[in-house]
A.B. asks: 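First the structure, which I've put down as structure tokens, then a few questions once you've had a look.
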Amino acid sequence: MPTATLELEQVTPNVFTTTKLRGCNPSFVATSDGVVVIDTPQLPTRAVAMREEAERHGPIRYLVNTENHVDHIFGNYWFRGAGEIVNHKALWDIFMDPGAALDPFEYALEAIPTDDPDAAGIVPDRDTYYEDPNRGDLVFTGDLEMTVGGTTFHLIHTPGHTPGQVAVYVPEERVVFTGDTVFSECQTWLMTSDIDQWVGALDVIAGLDVDTVVPGHGPVTTPAYLATQRSVLLEWTSAVAEAVAKGWSREETIERVNFRDKFGPVDVGQGYMMDHIQTLNAASLWDKFTAKRAPVR
Ligand SMILES: [Zn+2]
């Protein structure tokens with residue numbers, strides 16, 4: 001099988017990412033004592049290629065996942081045997097959860113015929129996959145600081161987009177990898193999110209001394225973009241809050257509130273999901289804002 005193209009981008013002398021694949025922006029950091037990988041490509045042939053690229057810089061010591069969504073973790077399978085997997089406990093608990101409403105294994109396989117047909121020969125069947133999906137070996141709560149070959153990795157728990165969301169701050173490179181706390185110049189997926197926590201996560205990241213933000217999706221950006229991400233979250237929130245205040249039904253809200261034309265395209269390879277994102281973003285916020293809460297005792 002020929003090596004798949006990654007369109008790898010060198011962000012700093014030791015930091016590499018790719019923003020051109022369907023899936024997240026998988027990345028790695030080279031240190032004097034091996035490599036730390038941050039998220040894995042969703043498409044299997046790209047996961048294989050990314051591992052090869054990373055290993056050119058030394059053995060893979062650790063693989064950190066920033067969240068539990070399929071596009072950040074499914075590729076872990078092709079990194080078996082390459083270093084220790086580091087997961088926040090809240091991510092680890094629902095890693096490729098077969099009990100999830102949307103079956104993550106089925107969802108991962110859906111992209112393969114169209115986006116990675118060459119992967120047919122390397123995709124395991126479901127039972128084989130679940131024998132070892134390469135979930136975390138090293139599981140933490142709160143934050144975790146690691147030093148690898150003199151390079152510091154602050155794994156900062158930044159819940160909001162997902163409960164186990166982690167930002168990886170590498171001070172020596174003046175870079176932070178935010179996962180999907182930042183969708184750079186593309187549509188933001190809100191569905192399973194806690195927006196209040198997410199805005200708090202942006203505050204935490206804004207306090208870091210960095211030049212570069214590697215987002216979960218979209219082009220590499222700078223800390224100035226954090227203000228844009230905040231405004232996207234607040235605009236969605238206030239538009240749906242206003243809809244609820246006007247007494248609009250769920251259907252009316254979905255029909256009338258959308259940001260198709262304002263917040264950019266959908267990230268690589270998923271343009272067909274535009275309506276789905278708009279519908280679920282509006283619906284999930286409407287559901288939250290109209291939920292009956294149990295009385296406080
Ligand atoms: Zn993602």
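Any value given below was found using the heavy atoms of this structure, including those in side chains, with hydrogens, waters and symmetry copies removed.
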A.B. asks: Of the non-hydrogen atoms in Gly149 and Asp33, which two are nearest, and what is the gap between them?
C.D. replies: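 Distance-wise, the nearest heavy atoms are CA-CB, 3.5 Å.
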
A.B. asks: Tell me whether Lys246 is salt-bridged to Glu242, with the criterion being a basic N under 4.0 Å from an acidic carboxylate O.
C.D. replies: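 Yes, this pair counts.
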
A.B. asks: Angle class for the Phe259/Trp236 ring planes (parallel below 30°, perpendicular above 60°, tilted otherwise)?
C.D. replies: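 Ring orientation of Phe259 relative to Trp236: perpendicular.
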
A.B. asks: Is a donor from one side chain sitting under 3.5 angstrom from an acceptor on the other, for Thr162 and Gln165?
C.D. replies: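 Note: Thr162 and Gln165 side chains meet the donor-acceptor criterion.
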
A.B. asks: Would you kindly confirm whether Val182 and Leu208 end up in one hydrophobic cluster when ILVMFWY residues are joined by side chain heavy atoms under 4.5 Å apart?
C.D. replies: yes

A.B. asks: Does the side chain of Asp125 come under 3.5 Å of the side chain of Thr128 through a donor N or O and an acceptor N or O?
C.D. replies: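 Result is yes, a qualifying pair exists.
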
A.B. asks: Using the rule side chain to side chain contact (heavy atoms under 4.5 Å, CB included), only one of Val36, Leu144, Thr147 pairs with Phe153; which is it?
C.D. replies: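 Single pass found, and it is Val36.
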
A.B. asks: Answer with yes or no whether the hydrophobic clustering places Leu91 together with Met146; edges join I, L, V, M, F, W, Y residues whose side-chain heavy atoms lie under 4.5 Å apart.
C.D. replies: no

A.B. asks: Could you tell me if the side chain of Leu21 sits less than 4.5 Å from the side chain of Val268, heavy atoms only?
C.D. replies: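 No, too far: nothing below the 4.5 Å cut-off.
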
A.B. asks: Can a side-chain donor-acceptor contact be found between Gln229 and Thr188 if the only test is distance below 3.5 angstrom?
C.D. replies: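 Yes, a side-chain donor-acceptor pair sits under 3.5 Å.
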
A.B. asks: Tell me whether Arg256 forms a cation-pi arrangement with Trp248, defined as NZ or CZ under 6.0 Å from the six-membered ring centre and within 45 degrees of its axis.
C.D. replies: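 Positive - Arg256 is close enough to the ring of Trp248 and near enough to its axis.
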
A.B. asks: Between Glu9 and Thr18, do the side chains contain a donor N or O and an acceptor N or O under 3.5 Å apart?
C.D. replies: no

A.B. asks: Report the residue from Asn134, Asn65, Asp39 that forms a side chain to side chain donor-acceptor pair (under 3.5 Å) with Asn76.
C.D. replies: Asn65

A.B. asks: Could you tell me if the side chain of Ile112 sits less than 4.5 Å from the side chain of Val123, heavy atoms only?
C.D. replies: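 The answer is yes; the side chains approach within 4.5 Å.
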
A.B. asks: If you group Ile, Leu, Val, Met, Phe, Trp and Tyr by side-chain heavy-atom gaps below 4.5 Å, do Val86 and Ile38 land in one group?
C.D. replies: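 Cluster IDs for Val86 and Ile38 match.
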
A.B. asks: Going by atom types alone, do His217 and Asp180 pair a side-chain donor with an acceptor below 3.5 Å?
C.D. replies: yes

A.B. asks: When you compare the side chains of Gln42 and Asp71, does any donor N or O come within less than 3.5 Å of an acceptor on the partner?
C.D. replies: no

A.B. asks: For Trp92, is the CH2 atom crowded, meaning more than 12 foreign heavy atoms sit under 6.0 Å from it?
C.D. replies: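 Atom CH2 in Trp92 is not packed in, count stays at 12 or less.
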
A.B. asks: Can you confirm whether Arg174 sits close enough to Asp209 that some side-chain heavy atom of one is under 4.5 Å from a side-chain heavy atom of the other?
C.D. replies: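 When only atoms from C-beta onward are counted, Asp209 and Arg174 do touch, with a gap below 4.5 Å.
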
A.B. asks: For the hydrophobic clusters of this structure (ILVMFWY residues joined by side-chain heavy atoms under 4.5 Å, transitively), does one cluster hold both Phe74 and Trp189?
C.D. replies: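 They do share one cluster, since a chain of ILVMFWY contacts under 4.5 Å joins Phe74 to Trp189.
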
A.B. asks: Using every non-hydrogen atom in the two residues, find where Met50 and Pro41 come nearest and quote the distance to one decimal.
C.D. replies: CB-CG, 3.7 Å

A.B. asks: How about Ile195 and Leu190: do any of their side-chain heavy atoms sit closer than 4.5 Å?
C.D. replies: yes

A.B. asks: Write down the atom of Thr114, the atom of Ala111, and the distance for their closest heavy-atom approach.
C.D. replies: OG1-O, 3.2 Å

A.B. asks: Hey, are the side chains of Glu235 and Lys262 touching, using non-hydrogen atoms and a 4.5 Å cut-off?
C.D. replies: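 With C-beta onward as the side chain, the pair touches.
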
A.B. asks: If you look at every heavy atom in Pro265 and Glu185, which pair is closest and at what distance?
C.D. replies: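 Nearest heavy atoms, Pro265 then Glu185: CD-O, 3.6 Å.
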
A.B. asks: Does NZ or CZ of Arg80 lie under 6.0 Å from the centre of the six-membered ring of Tyr77, at an angle within 45° of the ring axis?
C.D. replies: yes

A.B. asks: Can a side-chain donor-acceptor contact be found between His161 and Asp194 if the only test is distance below 3.5 angstrom?
C.D. replies: no

A.B. asks: With clusters defined by side-chain heavy atoms of hydrophobic residues (ILVMFWY) lying less than 4.5 Å apart, directly or transitively, does Val214 cluster with Phe183?
C.D. replies: no

A.B. asks: Under 3.5 Å, is there a donor-acceptor pair between the Asn25 and Thr17 side chains?
C.D. replies: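 Per modelled atom types, Asn25 and Thr17 side chains form no pair under 3.5 Å.
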
A.B. asks: Testing the basics here: between Asp267 and Gly218, what is the closest heavy-atom pair and its distance to 0.1 Å?
C.D. replies: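 Looking at all heavy atoms of both residues, the shortest contact is OD1-N, 3.8 Å.
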
A.B. asks: Could you tell me whether Arg46 and Asp115 make a salt bridge, using a distance below 4.0 angstrom between a side-chain N and a carboxylate O?
C.D. replies: no

A.B. asks: Which heavy atom of Cys24 sits nearest to which heavy atom of His72, and what is that distance?
C.D. replies: CB-CE1, 3.3 Å

A.B. asks: Salt-bridged, Asp116 to Arg22, with N to O below 4.0 Å?
C.D. replies: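 A salt bridge is absent here (no side-chain N lies under 4.0 Å from a carboxylate O).
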
